[in-house]
There are 2 protein chains.
Amino acid sequence: MGGGALVPDVTLDRTSPVPLYFQVATRLQQQIEEGDIPVGSRLENEVELADRLGVSRPTMRRAISYLVERGMLIRKRGVGTQVVHPKVRRPVELTSLYDDLLKSGQSPRTEIREFEVRPAPDQIAEALGLPFGSEVTWIERLRYAGDEPLALMHNAVPVDLLRLRREDLERSGLYDLLRAAGLVPRMANQVVGARSATAAEARILDETRGAPLLTMTRTAWDAAGKAVEYGSHLYRASRYSFELNLTS
Amino acid sequence: MGGGALVPDVTLDRTSPVPLYFQVATRLQQQIEEGDIPVGSRLENEVELADRLGVSRPTMRRAISYLVERGMLIRKRGVGTQVVHPKVRRPVELTSLYDDLLKSGQSPRTEIREFEVRPAPDQIAEALGLPFGSEVTWIERLRYAGDEPLALMHNAVPVDLLRLRREDLERSGLYDLLRAAGLVPRMANQVVGARSATAAEARILDETRGAPLLTMTRTAWDAAGKAVEYGSHLYRASRYSFELNLTS
DNA sequence: TGACAAACTATGTCAGGACAAAGTGTTGAC
DNA sequence: GTCAACACTTTGTCCTGACATAGTTTGTCA
């Protein structure tokens with residue numbers, strides 16, 4: 001029989017506003033990450049599991065599905081549910097450079113080099129799905145990690161959506177400001193490429209002329225499909241690279 | 001009352017092995033893409049919709065959830081379900097350069113420059129989670145789009161998993177061969193960067209020395225978390241860039 | 001002994017019902 | 001006229017129950 005790994009009892013709070021299936025999933029995830037449920041082992045079957053935790057099978061299934069989607073478990077009909085190797089877990093997230101630097105323990109600093117409201121260039125208006133000539137807040141920023149310049153960033157945000165203020169931008173990342181205004185970026189289209197630095201770019205970024213730069217242009221939309229941001233960024237290839245976790 | 005957009009009747013085949021919820025979702029998706037259900041409009045409520053299509057509410061919900069996850073619909077409790085701007089749809093997919101070229105109508109050609117079984121370098125063994133000294137099939141390929149060289153690709157595949165043959169590789173992309181062998185890449189970790197071409201690389205890729213190159217290193221795993229491939233690729237930045245669609 | 005069939009196990013799909021919670025609009029009191 | 005309380009609509013959560021289907025194991029018969 002083999003049985004399958006024993007999932008420790010969990011305490012569920014049915015009065016909590018946190019959904020039951022989510023409580024179960026979170027608990028399960030913890031136990032997998034802490035090694036209580038070893039990698040490669042099979043879970044008990046859904047029915048027993050649901051029974052022991054005192055939830056219905058659909059709720060149990062939903063919790064498991066949640067972890068399956070995150071790549072922690074795999075299910076095979078007729079066989080069972082197995083814990084997969086914890087190498088890759090989280091799919092690509094929509095983060096900003098600012099967040100990335102914060103997470104990696106660096107201290108990001110931003111110098112605003114340009115800040116104005118002006119009609120969007122046609123190409124940007126099109127990317128944002130705005131009528132030609134619509135006004136956007138146009139920003140040029142230089143981002144430092146420690147004392148070294150890291151990226152030269154150009155962004156455009158429709159003024160109709162958010163009236164950005166220079167002072168706010170000096171303290172927070174653009175994405176934080178967008179989120180704070182309820183404009184949560186949910187989908188984005190990014191193009192990542194490379195090219196050589198022009199003399200002007202090299203001077204700003206403290207590189208030599210012709211140095212390889214990583215380019216990234218992005219349009220971001222909120223959940224309702226409203227374009228919230230256009231960005232065109234230049235990174236010093238010697239100091240930065242993109243890391244992506246893909247699934248499916 | 002407003003009502004909400006009318007979803008045309010659909011013909012469901014209950015004898016089909018294709019799940020009901022999937023039939024519903026597919027039909028719905030078609031109608032959205034064809035404009036039968038206009039962007040921005042609200043769907044009828046779940047209960048009516050389920051009723052009219054002759055399915056239960058859970059089934060209807062599952063179909064809708066499927067499209068919500070793909071970014072075509074958004075739901076708001078107490079409000080309804082709305083069709084979002086069809087700009088961004090599919091999240092990042094795990095594809096190969098070969099597939100990408102095929103899809104974009106180019107004719108990819110591959111020249112195999114090196115093909116041997118040998119112990120994996122420590123760094124690659126670690127990336128693949130293999131014991132040091134494990135044998136891999138090591139490949140160097142040059143990929144052309146039309147007559148122009150596009151990318152110089154190095155790959156390593158554990159020999160225990162798949163005994164690659166040079167002839168096969170000449171005809172298909174590596175990912176096709178992996179999939180055919182049941183080693184379906186499901187998760188991957190990619191790092192994208194840039195650097196300047198060395199003299200040797202420039203010669204091979206028909207670029208000048210110092211030209212900007214896009215670099216990509218990737219480890220791919222199958223659903224069970226078994227590492228199936230390591231790749232380290234160099235792209236001509238003048239001819240290629242990565243496009244990503246991110247969600248959430 | 002070997003191969004095919006049946007039994008068993010586990011996940012996949014589907015139904016129908018009940019109540020909770022969030023958002024919207026309306027009504028009523030002050 | 002303004003604001004709060006209430007009703008209503010719609011999605012979110014959770015339950016019980018049932019049958020289908022894929023994979024594995026067991027058992028039987030040739």
Side-chain angles (χ1 to χ4, degrees), chain A residues 1-7 10 12-28 41-69 72-84 182 223-224, chain B residues 1-7 10 12-28 41-69 72-84 182 223-224:
Chain A
M1 286 272 345
L6 192 124
V7 175
V10 294
L12 300 176
D13 180 3
R14 296 184 99 91
T15 69
S16 159
V18 178
L20 257 184
Y21 77 89
F22 195 79
Q23 292 183 41
V24 174
T26 306
R27 218 49 199 101
L28 213 53
S41 67
R42 280 217 304 271
L43 259 51
E44 300 164 77
N45 72 59
E46 296 175 347
V47 183
E48 276 178 32
L49 213 45
D51 222 46
R52 197 147 58 69
L53 300 189
V55 299
S56 71
R57 190 176 160 223
T59 302
M60 194 64 227
R61 267 185 77 74
R62 192 161 175 191
I64 292 177
S65 297
Y66 177 78
L67 297 181
V68 168
E69 271 160 29
M72 300 187 75
L73 299 175
I74 56 169
R75 292 197 273 208
K76 279 192 202 142
R77 184 194 300 208
V79 180
T81 306
Q82 202 176 8
V83 180
V84 305
Chain B
M1 284 272 353
L6 193 124
V7 175
V10 295
L12 300 175
D13 181 3
R14 283 177 175 278
T15 68
S16 159
V18 178
L20 258 184
Y21 77 90
F22 194 79
Q23 292 183 41
V24 174
T26 305
R27 217 53 195 96
L28 212 53
S41 67
R42 281 217 303 272
L43 260 51
E44 301 162 75
N45 72 58
E46 295 175 348
V47 183
E48 276 177 33
L49 213 45
D51 222 44
R52 197 148 59 67
L53 300 189
V55 300
S56 70
R57 190 175 161 223
T59 302
M60 194 63 227
R61 267 185 76 74
R62 189 159 177 191
I64 292 176
S65 297
Y66 178 78
L67 296 181
V68 168
E69 270 159 29
M72 301 186 76
L73 299 175
I74 56 168
R75 292 196 275 206
K76 278 192 202 141
R77 181 191 304 205
V79 180
T81 306
Q82 202 176 9
V83 180
V84 305

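Quick note on labels: first sequence line is chain A, next is B, and so on, each numbered from 1.
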Whether B/Thr26 side chain and B/Phe22 backbone form a donor-acceptor pair below 3.5 Å: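 Side chain of B/Thr26 to backbone of B/Phe22: a pair is present.
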Donor-acceptor pair, side chain of A/Glu46 and main chain of A/Arg57, under 3.5 angstrom: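 It does not hold such a pair.
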Non-neighbouring partners of B/Ser16 that pass side chain to side chain donor-acceptor pair (under 3.5 Å), sequence neighbours left out: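 Applying side chain to side chain donor-acceptor pair (under 3.5 Å) to B/Ser16 gives none.
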With B/Arg77 via side chain to side chain donor-acceptor pair (under 3.5 Å) - residues at least two apart: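 Not a single residue meets the side chain to side chain donor-acceptor pair (under 3.5 Å) criterion with B/Arg77.
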Side-chain heavy atoms of A/Gln82 within contact of A/Arg75, under 4.5 Å: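 Heavy-atom side-chain distance check fails, nothing below 4.5 Å.
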Side-chain touch B/Thr81/B/Ile64, heavy atoms, less than 4.5 angstrom: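 Yes - at least one pair of side-chain heavy atoms lies under 4.5 Å apart.
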Taking [atom1] from [X] and [atom2] from [N], how many angstroms apart are they, rounded to a whole number?
X	N	atom1	atom2	value
A/Ile74	C/dA10	CD1	C1'	14 Å
B/Leu12	C/dA15	CG	P	10 Å
B/Tyr66	C/dG12	OH	C1'	16 Å

Terminal axes of the helix from C/dT1-D/dA30 to C/dC30-D/dG1 (five pairs each): angle between them, nearest 10 degrees: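 For the helix from C/dT1-D/dA30 to C/dC30-D/dG1, the axes at either end differ by 0°.
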Pair B/Ser56, B/Arg61: side-chain N/O donor-acceptor within cut-off below 3.5 Å: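 Distance-only check fails for B/Ser56 and B/Arg61.
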B/S/- contact track for nucleotides 11-18 of chain D, protein heavy atom under 4.0 Å: BBBSSB-B
Centroid separation B/Tyr66 to B/Tyr21 less than 6.0 Å: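 Ring-ring flag for B/Tyr66/B/Tyr21: false, centres at least 6.0 Å apart.
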Earlier contact from the 5' end, DNA chain C, for A/Ile64 and A/Pro17: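 Going by which nucleotide is closer to the 5' end, it is A/Ile64.
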Residues which pass salt bridge (charged side-chain N to carboxylate O under 4.0 Å, His left out) with B/Arg62, listed by chain and number, not counting sequence neighbours: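 Not a single residue meets the salt bridge (charged side-chain N to carboxylate O under 4.0 Å, His left out) criterion with B/Arg62.
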B/Leu43/B/Leu28 under side chain to side chain contact (heavy atoms under 4.5 Å, CB included): CA gap, chis, key distance, verdict: CA-CA 10 Å; B/Leu43 260 51; B/Leu28 212 53; 4.3 Å; yes
Quick test: give all pairs of protein nitrogen or oxygen and nucleotides 25-27 of chain C nitrogen or oxygen below 3.5 Å, distance rounded to 0.1 Å.
none

